[in-house]
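The structure under discussion appears below in the form of structure tokens.
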Amino acid sequence: MGSRGATVVLSRANRIKAKLQSVLEATALEIDDVSYQHSGHAAVRETSEGETHFNVKIVSPKFEGQSLVKRHRLVYDALADELQSGLHALSIVAKSPQEAAAKK
Amino acid sequence: MARALSSMVLKGIAGIPAARSSRIVCGSFYDNGMRYSTTVPSDPDTHQDFRPTNKLESGGVSLKDVVEQDVKENPVMIYMKGVPEFPQCGFSSLAVRVLKQYDVPLSARNILEDPELKNAVKAFSTWPTFPQIFIKGEFIGGSDIILNLHQTGELKEKLKDVAASQERSE
């Protein structure tokens with residue numbers, strides 16, 4: 001987060017990371033900008049600078065006991081501002097810490 | 001056949017440049033008895049963008065009612081980009097492919113055709129992205145979720161008492 005004097009504009013990926021970390025107390029986070037994979041897409045033509053499609057892998061204790069829909073909703077709610085400002089789609093892999101450990 | 005005919009109709013009547021119509025799939029689709037038309041039937045005066053491409057709003061029915069009815073009447077309902085035969089987004093395409101593995105009737109609406117419908121669906125499910133899949137009136141999620149449910153076998157469970165799709169000739 002930059003101070004007033006220096007305007008540091010974080011990339012969307014970084015903003016996503018920051019929000020998910022604080023709101024969902026993520027213990028593991030992987031964010032990839034895959035906008036290039038969708039560049040022929042009807043909606044992407046409007047915002048041509050990329051940063052429209054991301055893959056998000058997130059591990060959070062808040063996901064424990066929650067259905068997939070609920071987990072995805074938590075992620076979408078945390079990123080509501082981004083979704084209003086040109087974020088177009090997310091591929092979400094949302095695991096609880098136990099699930100993440102089990103997989104490995 | 002239908003495609004060539006309707007693109008002739010499009011060019012003849014409305015004189016819409018090809019670039020515009022490339023975004024829209026030509027023709028009408030019949031899916032489980034519901035007709036989805038992407039061509040403007042007549043009236044060259046109204047620009048395609050401002051004209052409802054279906055009869056939803058003119059009947060005095062709110063879009064919210066339409067969505068409610070969609071999910072109530074159709075055991076498997078998907079709001080997607082494009083149509084099942086021609087998806088216009090990778091996620092929508094994936095969702096359709098997953099659902100087609102099951103012998104169930106698939107009802108779909110193309111939210112690219114109607115921004116109002118798009119907003120109504122988003123408000124209805126409080127979900128910001130598409131595709132959106134409803135099974136037996138219950139919101140299931142997007143393509144990630146449906147793929148996951150398919151892989152774990154949960155989707156099969158959910159769909160097991162949905163009647164098999166009827167045989168129909170086009």
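Chain A is the first sequence line, chain B the second, and so forth, proteins listed ahead of strands; every chain is numbered from 1.
For a residue to count as touching a neighbouring chain, one of its non-hydrogen atoms must lie under 4.5 Å from one of that chain's; by this rule A/Leu90 touches chain B with the backbone only.
Under a cut-off of 6.0 angstrom, the local environment of NZ in B/Lys100 is crowded, with over 12 non-hydrogen atoms contributed by other residues, nucleotides or ligands. In this structure, A/Lys57 places its NZ atom where only 12 or fewer heavy-atom neighbours from other residues, nucleotides or ligands lie under 6.0 Å away.
Annotation: the span from B/Thr129 atom OG1 to A/Ile92 atom CD1 amounts to 7.0 Å, rounded to 0.5 Å.
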message = Run A/Val69 and B/Trp127 through side chain to side chain contact (heavy atoms under 4.5 Å, CB included) and show every step you take.
response = CA-CA 10 Å; A/Val69 174; B/Trp127 191 266; 3.9 Å; yes

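Of residues 145-161 of chain B, those residues lying under 4.5 Å from chain A by any heavy-atom pair are B/Ile145, B/Asn148. Proximity to chain A among residues 134-143 of chain B is limited to B/Phe139, B/Ile140, B/Gly141, judged by heavy-atom separations below 4.5 angstrom.
If you chain together hydrophobic residues whose side chains sit under 4.5 Å apart, A/Val93 and A/Phe63 never meet in one group. Following chains of ILVMFWY side-chain contacts shorter than 4.5 Å, one cannot reach A/Val75 starting from A/Val59, and the two form parts of different hydrophobic clusters.
Not counting sequence neighbours, B/Lys72 has no partner by the salt bridge (charged side-chain N to carboxylate O under 4.0 Å, His left out) test. Partners of A/Glu64 by salt bridge (charged side-chain N to carboxylate O under 4.0 Å, His left out), not counting sequence neighbours: none found.
Counting only heavy atoms from C-beta outward, the side chains of B/Phe91 and A/His53 approach each other to under 4.5 Å.
The two atoms that bring B/Pro128 and A/Leu83 nearest to each other are CG-CD1, 3.6 Å, heavy atoms only.
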